[in-house]
Each structure stands twice: as structure tokens, then as C-alpha cells.
Amino acid sequence: MKRQYERPVIQKLNTGIMNKFGTRTEYEPYTHIDGVSVKSLIEQFGSPVFVMSERTIRENYRDAVRAFTTRYPKVQFAWSYKTNYLNAVCDVFHQEGSWAEVVSRFEYEKALHNGVPGNKIIFNGPDKTDDDLTVAIENNSPIHIDHLDELYRLTQLASDMAKRPNVAIRINMDTGVYPMWDRFGFNYENGAAWDAINKIMTSDHLNLVGLHTHIGTYMLSPSAYAAAATKMCDLALGIRRKYDKVIEYIDMGGGFASKNTLKGAYLRGSDTVPGIDEFAEAISSAFLNAEFKKGELPYLYLETGRALVDNAGFLLGSVISNKRLADGRRATIMDFGVNILFTSFWYDHKISPAQGFGTYTEDTVIYGPLCMNIDVVRENISLPPLKAGDHVVVHYVGAYNITQSMQFIALRPPVVMIDMQGKPHIIKKKEVLATLEKDEVTPDYLKEFKL
Ligand SMILES: *Cc1c(COP(=O)(O)O)cnc(C)c1O
């Protein structure tokens, strides 16, 4: 058999030398998840496969609850469905006591279907139709109003239905982090928030029970939350003064950064991202230092998503092939691409080999399998050379990848959850041709052809 020709290149190999971060630390083989071997998971479920750790989700959640409840007496979490709405994942959060936070009718139905009582489903988002609002009113769900058109439609519906729905308004404000997220809700500084409050408070049809904000996502600054919480408390106290009405809750949204590393960041997210205690400290202090009477402290609602689930998700995959690019760089082609790893557009994911390896590493580009030039999983990562068939583990993929995944060219992989006893369960099956063709309709006249 003829040997394949590879053009000779001279390539610098890094052998355990110091780089700007010190000695090499990132390239430990990652062979087991919660005691289950990566190899056996791939043998059983195929490659690629997403793996969720139930243990990590529960630990994250309990840690977040501890961080807030040790600092503030009235705290309630609501799971942000869009971060990861696989039912098994949502159910773990609900078992832990978390309500549901949804931003669309589809998510709303999912929460109901999971058994969350209507009054524990927080309905956010700019797009709620009359029908969506009617269902939410009937189920007594807290409706978080995004804009005046929604406020007016809701007033009309409430009047028609002779009901008085519980509502909150979403507030946006300057928190010192730019660009400002001012497209959702009513602005604090320009008076739009008070305008909406006055309209609701003078209407007999709506019951203003809360105030909501969600200041951004992957936020690195606890002080932005302190600024936001102070402004939210100011509004609540203003409502108490002007209308003699006690606001029941202030919902501070989500957005706490996970430990992922943003592209272009100098240091790794796992070393630099503030812990949940720092966010809890900033928010609780602002609430406690505001001038609420003790009996009138509002509930603190939190809709944190990515910080509770990102590190509980792993993507296991395999090397398809290696090649030299025209400039001599090593390229490794994996069996997973950006269609199922959407967050690789903004994160430098940590990627570990799943088996032992030698001592040298080489700068490598990691490509996915799609026939598309943008399918780059990592533009540059220093990895030990992997060979076809070797396995890798991509870390911190539990947030947004599954909900934003795109079916393109290939069928999407299964998702497995490892339970507290270390037993893997399928929580979403691998797609098959029929999954995709189920909703296609081909007119009969197109079905016959001769070639
Ligand atoms: C997306 C979203 C969240 C969760 O955000 P994370 O960054 O995942 O914590 C919470 N609340 C609202 C309104 C959202 O849109």
C-alpha cells in the first residue's frame, strides 16, 4: 500500500516550559465524569454526546441558596428555562425548590407541563400575545410587563375578564456597565419606569406586586448589581411613599458569569470570575441598607441561569482527523461543530483529552465536521497531539448550547444525565431522520420522479 505523503514542516513544540501563565496546568487528561468513564459513556451512547451532572447542578443550586439566604431572609429562585430547558434539568431545579422563569409561550407550556403551579411561573419577555396573556391571567402567573403596548393590552384583557392580574414591570437602568441593556423594559433614569408605575397604580385592573430587572448576561461586576439593587429599592420605597403600597418582591434577574473564559480574555474564567457569594453580598447589602421597615422587606427573586448549570454540562467527542494547514499549523477535526456548541462563538472552551498523553503540546486549531468555513471550535489551543479516534471533553457547556443548538447537516446528539448514584440516564434521545421529517409536508405531485 502506498504511504500517504505529508509535506515536511518545522513546528515549535512546547515541552513543559513556562508560558505567561506559568507552567502547563490545563492539560490533565479528563477521564471520568462523576465516576463514570468517558470511554464507557461514548461506547454506550455514541460520539458526540452531551453529559449533564445532576450532582453538580444540585451542588451549584444549594451553594447559591446558601450564599443568598445567609445574607437576606426572603429569597426565592426561579429557573431560567431558556438557559437549559431539558425537562430532566428543569425538574432537578424544581425538586430543589426553584420556581420557573419563562420568556415565551413555548417555555410557559413546558413549565406547566413539568407540573410547576401557574403562580410560580414568572412570565417575562417582550412578545406575549393576547392569548398568552389570557392564559397567564387564568393561571394567576406573575406577568412581567416589558413595554407600554403590553401594559395597555393587559389592562384591556383584565377588564374584559373581570380579573386583577398580579404584575411587575421590567426596569432597565445605568449600572455602570456598557453598553447598557436598555431595550427591555422601562428605563429608570429617563422617567419611563415611574410613568409605567403611575399608570398601573392608578388603574383598577392591575395589581402591582413586584419590580423586575435583568441587567445583562455573563456579568463580571458585583458592583453593577449593587447599583441596580439600590435603584430597584428606591422605586419600591417610592411606591410605598406615594401610594402607601408595599411591593412584595424585587426580582434581580440573572446574568452572574459562569466560569467560562471569554474570547480574548487574558486569564481563565475559572481564576477570575467572581463567586456567587460576591454577587449575593452586593445585592443583599443594597436591599438591607435601603430604608425598608423590617416587616416590609421585599422578597428577593433570582433568575440566575448560566452560573448554576454551565459547569454541570460536558460535551464528549472524538477526533476525526488531523491535518497540516497551508501555513504549517496543526488542525484537528472533531465530530462536533459550532451547530451544537453555539457558545464557542464567544468562549474559549476548556477542552481536555480524555486519555493519557505525552509531554509535549502544540498550538492547534480545532475544527468541527460541518462543511462550513465558520465551523471553528477553537481558533488556537495548545494541546498534546491527538490521533484519530481519541476522545476529548469540552467543559462548561451546560448553559445555552442545548437550547440554541442548530440542526444542520447532521442529526443532533443525545443528552445523558449522570444521577447522584453515578448512573447515566438518557434525557434526550439522538435525533433520527424521522425526528426531522415529522413536520415536513411534501405535496403528492412531487413524490414521483424518474432519474
Ligand atoms: C436569560 C435570562 C435570565 C438568565 O440569564 P443568565 O445569564 O443565564 O443567568 C434571567 N432572566 C431573564 C429575564 C432572562 O432573559
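Indexing begins at 1, ligand by ligand and atom by atom, following the structure's order. On a predicted model such as this, the values are computed, not experimentally measured, just so you know.
Cation-pi geometry between K430 and F45 is not met at under 6.0 angstrom from the ring centre and within 45 degrees of the axis.
Residue pairs meeting the ring pair (Phe, Tyr, Trp, His ring centres under 6.0 Å) criterion with at least one member in residues 153-187, sequence neighbours excluded, are W181-H214. Listed by first and then second residue, the side chain to side chain donor-acceptor pair (under 3.5 Å) pairs involving residues 337-346 are T343-H349, T343-N401 (not counting sequence neighbours).
From K74, atom NZ reaches atom OG of S284 across 14.0 Å, with rounding to the nearest 0.5 Å. Atom OH of Y225 sits about 7.5 Å away from atom CE of M252, to the nearest 0.5 Å.
Every protein residue with a heavy atom nearer than 4.0 Å to ligand 1 is included here: S80, K82, T83, E101, N124, R170, H212, H214, T217, G254, G255, E303, T304, G305, R306, Y400.
Residues forming a ring pair (Phe, Tyr, Trp, His ring centres under 6.0 Å) with Y188 (at least two apart in sequence, or on another chain): none.
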